[in-house]
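Notes follow once the structure below has been shown.
Nothing fancy with the numbering, it's 1 onward along the sequence. The shown structure was predicted, so the numbers you read here are calculated from the model rather than taken from an experiment.
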Amino acid sequence: MKRVMLTVAYDGTNYHGWQIQPNGKTIEGILNRCLSELLGEHIEVTGASRTDSGVHAMGNVAVFDTESSIPAEKISYALNRSLPEDIRIQKSEEVSPEFHPRHCASRKTYEYRIYCAPFPMPVKRLYSHFTYVPMDIDLMSQSAQYLVGEHDFKSFCSTEAQVETTVRQIDSVQVWEERVKSRMEDCGDGGAEGVDQAGKEIVIRVTGRGFLYNMVRIIAGTLMEIGRGHIAPQEMERIIAAKDRQAAGPTAPACGLTLVKIEYL
């Protein structure tokens with residue numbers, strides 16, 4: 001018996017999240033089925049992050065135990081042949097039998113992307129949240145620094161969550177802007193004339209030792225309210241201290257969120 005760790009990337013658009021649901025297609029369910037068929041034994045994976053419906057990942061982590069003689073590093077190649085094209089294993093490797101992806105100390109990095117332009121860009125719709133309302137990234141960045149450190153993040157936790165403690169540690173929060181430009185060219189007889197439609201993507205990158213249910217999406221929703229001028233940056237300190245979900249901003253839509261990586265410490 002050996003324990004194998006998978007680094008899993010997926011487009012979460014067509015899935016009801018990571019965790020198996022009674023009436024919905026999930027990442028965990030697909031992995032269990034494909035691994036069981038590949039290895040000829042009943043396989044159940046354990047994931048590091050139970051991402052919500054519509055959330056994406058570049059580097060989620062899962063482990064499973066197997067008696068297969070296939071080398072751990074070769075399982076990724078074989079498994080990718082049977083997975084749907086919106087799920088791909090980036091790496092497979094053997095780990096200690098004691099390794100648990102949720103119980104071992106780790107650092108997770110998430111990114112939330114906001115596409116800001118006069119009109120939506122269809123190719124962005126699945127991987128960013130669209131808004132035509134301008135946002136001040138300096139105000140967002142300023143307020144984000146209040147989140148760094150160990151705090152009680154009850155204000156940023158869904159009321160549906162059942163946890164022993166809402167205290168978590170955030171190592172860093174970065175907010176920056178990326179220019180997005182598309183060029184539509186007219187290739188008629190009159191020559192190539194272009195029309196530029198410029199937009200921008202605001203990226204919120206959050207790194208921490210653990211996150212509550214919907215925590216990053218609520219942080220993103222609150223920062224957007226600050227960027228629009230609806231909440232003053234210094235109010236972030238009061239929102240944290242309130243320990244009340246009603247004090248923070250709305251939960252941002254799932255499509256803009258991606259789990260970038262998990263690092264084990």
Side-chain angles (χ1 to χ4, degrees), residues 3-66 68-95 101-102 106 108-115 120-130 178 180-182 184 199 201 203-205 214 216-217 220 252-263:
R3 179 158 291 188
V4 177
M5 182 174 81
L6 305 175
T7 302
V8 191
Y10 49 86
D11 177 339
T13 303
N14 296 320
Y15 297 92
H16 288 75
W18 172 274
Q19 194 170 12
I20 288 179
Q21 304 292 330
N23 297 306
K25 185 171 64 171
T26 68
I27 306 297
E28 183 180 33
I30 296 291
L31 288 175
N32 287 349
R33 176 175 59 80
C34 291
L35 279 167
S36 297
E37 292 173 356
L38 172 67
L39 303 176
E41 56 185 313
H42 179 69
I43 299 292
E44 291 185 0
V45 301
T46 299
S49 181
R50 299 169 180 172
T51 53
D52 296 337
S53 177
V55 173
H56 316 293
M58 297 171 65
N60 204 346
V61 169
V63 301
F64 65 92
D65 295 327
T66 179
S68 173
S69 61
I70 300 176
E73 64 274 13
K74 298 297 184 183
I75 290 177
S76 56
Y77 296 92
L79 183 56
N80 279 334
R81 295 193 188 103
S82 60
L83 287 171
E85 62 182 1
D86 50 7
I87 304 175
R88 281 293 180 269
I89 308 304
Q90 302 300 298
K91 185 178 183 182
S92 59
E93 56 189 308
E94 186 170 353
V95 292
R102 289 199 300 273
S106 65
K108 298 177 183 177
T109 297
Y110 287 88
E111 281 186 1
Y112 195 90
R113 290 184 171 264
I114 307 152
Y115 179 65
M121 179 59 66
V123 297
K124 295 283 185 183
R125 76 190 191 283
L126 301 180
Y127 312 107
S128 61
H129 168 58
F130 167 72
E178 297 176 356
V180 177
K181 195 173 184 180
S182 68
M184 296 167 285
E201 224 169 29
V203 184
I204 302 169
R205 174 178 275 230
N214 283 344
V216 179
R217 289 168 60 190
C255 61
L257 184 62
T258 298
L259 170 59
V260 176
K261 62 182 177 179
I262 300 176
E263 304 165 277

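- Under the side chain to side chain contact (heavy atoms under 4.5 Å, CB included) criterion, Ala9 pairs with Gln90, not counting sequence neighbours.
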Can you check side-chain contact (heavy atoms from CB on, under 4.5 Å) on Ser92 and Leu6, steps first, answer last?
CA-CA 5 Å; Ser92 59; Leu6 305 175; 3.6 Å; yes
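- Listed here is the closest heavy atom pair of Pro120 and Tyr115: C-CE2, 4.2 Å.
- Between the CG atom in Leu259 and the CZ atom in Arg50 there is a gap of 14.0 Å [rounded to 0.5 Å].
- With sequence neighbours left out, Asp65 forms a side-chain hydrogen bond (donor to acceptor under 3.5 Å, both in side chains) with Arg3.
- Listed by chain and number, the residues in a side chain to side chain contact (heavy atoms under 4.5 Å, CB included) with Glu178 are Arg113, Trp176, Glu201, Val203 (sequence neighbours excluded).
- Between Ser82 atom OG and Leu38 atom CG the span is 6.0 Å, to the nearest 0.5 Å.
- Legend: residues meeting ring pair (Phe, Tyr, Trp, His ring centres under 6.0 Å) with Tyr110, ordered by chain and number and at least two apart, are Phe211.
- Residue pairs meeting the side-chain hydrogen bond (donor to acceptor under 3.5 Å, both in side chains) criterion with at least one member in residues 5-14, sequence neighbours excluded, are Tyr10-Thr51, Tyr10-Asn60, Asp11-Thr13, Asp11-His56, Asp11-Tyr127.
- To the nearest 0.5 Å, atom CZ of residue Arg217 and atom SG of residue Cys255 are 9.0 Å apart.
- The salt bridge (Lys or Arg N to Asp or Glu O under 4.0 Å) test applied to Asp86 returns no partner, not counting sequence neighbours.
- Between the CD1 atom in Ile89 and the CG atom in Leu83 there is a gap of 5.5 Å [rounded to 0.5 Å].
- Under the side-chain hydrogen bond (donor to acceptor under 3.5 Å, both in side chains) criterion, Ser106 pairs with no residue at all, not counting sequence neighbours.
- Here salt bridge (charged side-chain N to carboxylate O under 4.0 Å, His left out) pairs that include residues 68-83, with residues two or more places apart or in two chains, number zero.
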For residues 39-48, tabulate all N or O donor-acceptor pairs below 3.5 Å that involve a side-chain atom, not counting sequence neighbours.
residue, atom, partner, partner atom, Å
Glu41, OE1, Glu67, N, 3.3
Glu41, OE2, Thr66, OG1, 2.4
Glu41, OE2, Glu67, N, 3.2
Glu41, OE2, Ser68, N, 3.4
His42, NE2, Glu44, OE2, 3.0

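- With sequence neighbours left out, Glu37 forms a salt bridge (Lys or Arg N to Asp or Glu O under 4.0 Å) with Arg33.
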For a quick test of your reading: what N or O donor-acceptor pairs under 3.5 Å do the side chains of residues 18-31 make, sequence neighbours left out?
residue, atom, partner, partner atom, Å
Gln21, NE2, Gln19, O, 3.3
Thr26, OG1, Gly29, N, 3.0
Glu28, OE1, Ile20, N, 2.8

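- No donor-acceptor pair under 3.5 Å is formed between the side chain of Tyr15 and the backbone N or O of Val55.
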